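If you're wondering where the values come from, they're calculated on a predicted model, not measured in any experiment. Just so you know, residue 1 is the first one in the sequence shown, and it goes up from there. Hydrogens, waters and symmetry mates play no part in the numbers below; they use all other heavy atoms, side chains included.
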Amino acid sequence: MVLDLFEITTFRKDIGYIDNRRPDRVEYIDSLYDDLIRRDFTVNSLCIDNNGEVVDLLSAKGDLDNKIIRCIGDPVTRFNEDALRILRAIRFATILNFEIDNNTLNGIKECKGLLKNISYYRKKEELDKIFTSKNVGRGISLLLEYGLDKELEIDNLNKVKETNCLIGIWALLNVSSKYPFTKSIIKC
């Protein structure tokens, strides 16, 4: 399968992080490598140049071929910078049916408490993507296996059955009233 989707970005360096989510300051730079090493996972570091040539400075292709989600650098550092990356790892493993490498899993276990610092809106966005995946059962299993349901304040996750209805999944969960739902969804 070949996808023709790509993003064009300006190289940057994040200087410090606040609230386990956002960089304190961003500096625009000229170095592709320095831009890539601040990113979350190797699979998100594959690039093409303006001639359409693949640039793979961090072994993204190998991890894609081997179906591995691996943090760039130290997972604990990556998750402390942005704790939402924990849910992104679960989402990528779910949607792509990839394995999460052991160092990244250990980082998830160590840093999962940081999820409490992330807005419910952002957590719900990632969970919605997991819950609407064709591989939702695997996503739920990963969330339960690593105890993320407790950190996310979503009870009854182990009782959820696979369904094509996102609101059906959320209805089965005893979620914190802090998770944002639109008025039209609440009325369903």
Side-chain angles (χ1 to χ4, degrees), residues 7 9-27 29 34-46 58 60 63 67-133 135-136 138-158 160 166 169-170 173-181:
E7 292 182 18
T9 63
T10 304
F11 301 157
R12 71 178 211 210
K13 182 176 186 175
D14 298 336
I15 312 295
Y17 280 82
I18 54 174
D19 66 13
N20 302 112
R21 178 70 187 113
R22 298 171 298 177
D24 187 41
R25 188 169 56 93
V26 172
E27 180 181 310
I29 58 175
D34 288 342
D35 176 80
L36 294 178
I37 61 170
R38 67 152 181 98
R39 294 177 185 240
D40 52 7
F41 308 108
T42 56
V43 296
N44 287 332
S45 69
L46 193 63
L58 301 176
D63 283 347
K67 299 184 174 195
I68 300 287
I69 301 299
R70 180 187 324 274
C71 279
I72 294 172
D74 176 52
V76 171
T77 300
R78 291 286 89 89
F79 296 142
N80 272 287
E81 290 169 347
D82 183 353
L84 192 65
R85 290 172 171 162
I86 294 168
L87 284 179
R88 288 172 51 85
I90 300 297
R91 173 171 56 98
F92 291 145
T94 299
I95 292 171
L96 299 171
N97 201 26
F98 280 22
E99 295 299 320
I100 301 174
D101 91 299
N102 286 333
N103 286 336
T104 301
L105 283 176
N106 290 334
I108 288 171
K109 291 175 192 174
E110 185 174 331
C111 296
K112 66 184 178 180
L114 297 174
L115 287 170
K116 292 185 188 260
N117 299 337
I118 303 301
S119 77
Y120 288 92
Y121 176 82
R122 295 293 290 147
K123 290 187 277 197
K124 184 176 179 300
E125 280 186 329
E126 291 298 323
L127 289 168
D128 283 350
K129 292 172 185 175
I130 293 167
F131 294 157
T132 56
S133 166
N135 207 9
V136 62
R138 176 136 191 275
I140 290 170
S141 292
L142 290 170
L143 291 168
L144 289 168
E145 182 176 351
Y146 300 109
L148 301 181
D149 56 323
K150 304 291 184 241
E151 303 302 331
L152 295 165
E153 302 171 81
I154 49 176
D155 299 332
N156 300 327
L157 188 58
N158 59 335
V160 170
L166 179 60
I169 290 176
W170 281 106
L173 302 173
N174 183 21
V175 298
S176 166
S177 60
K178 296 176 183 174
Y179 277 92
F181 294 93

Just how far is it from atom CG of Leu96 to atom CD1 of Ile68, taken to the nearest 0.5 Å? 12.0 Å
Please determine if Lys123 forms a cation-pi arrangement with Tyr120, meaning its NZ or CZ atom is less than 6.0 Å from the six-membered ring centre and no more than 45° off the ring axis. yes
Any idea which heavy atoms bring Asp155 and Leu173 closest together, and the distance? O-CD2, 3.4 Å
Nearest atoms (heavy-atom pairs only) where Gly139 meets Ile130: CA-CG2, 3.8 Å
Atom pair CD1/NZ of Ile86 and Lys112 - distance to nearest 0.5 Å: 10.0 Å
So do Phe131 and Leu143 actually touch side chain to side chain, heavy atoms under 4.5 Å? yes
Please report the shortest heavy-atom distance between Ser45 and Leu58, naming the atom on each side. OG-CB, 3.6 Å
Are the side chains of Ile169 and Leu127 in touch, meaning some heavy atoms are under 4.5 Å apart? no
Give a yes or no on whether a salt bridge exists between Lys109 and Glu151, defined as a side-chain N under 4.0 angstrom from a carboxylate O. no
Of all heavy-atom pairs linking Val76 and Gly107, the shortest is CG2-CA, 4.1 Å
Arg88 side chain near Asn44 side chain, heavy-atom distance below 4.5 Å: yes
Side chains of Ile100 and Phe92 in contact at under 4.5 Å (non-hydrogen atoms): no
Do side-chain atoms of Arg78 reach the backbone of Thr104 as a donor and acceptor pair under 3.5 angstrom? no
Min side-chain heavy-atom separation Asp34-Phe11 under 4.5 Å: no
Please find the pair of heavy atoms, one from Ile95 and one from Lys129, that lie closest to each other, and give the distance. CD1-O, 4.0 Å
Do Val160 and Val136 come within less than 4.5 Å of each other through their side chains, counting heavy atoms only? no
dist Glu99:CD -> Leu105:CG (nearest 0.5 Å) comes out at 8.5 Å
Considering non-hydrogen atoms only, spot the tightest contact between Cys111 and Asn80 and give its length. SG-ND2, 3.9 Å
Here the gap from Leu142 atom CG to Ile90 atom CD1, rounded to the nearest 0.5 Å, amounts to 4.5 Å
Value for CZ (Arg70) from CG (Asn103), rounded to nearest 0.5 Å, stands at 8.0 Å
Checking side-chain contact (heavy atoms from CB on, under 4.5 Å) for the pair Tyr179/Leu152: CA distance, chi angles, key distance, verdict? CA-CA 10 Å; Tyr179 277 92; Leu152 295 165; 3.6 Å; yes
SG/Cys71 to CD1/Ile108 distance, rounded to the nearest 0.5 angstrom? 7.0 Å
Partner of Asp63 under side-chain contact (heavy atoms from CB on, under 4.5 Å), picked from Asp101, Val43, Ile69, is Val43
Student check: side-chain heavy atoms of Glu110 and Phe79 closer than 4.5 Å: no
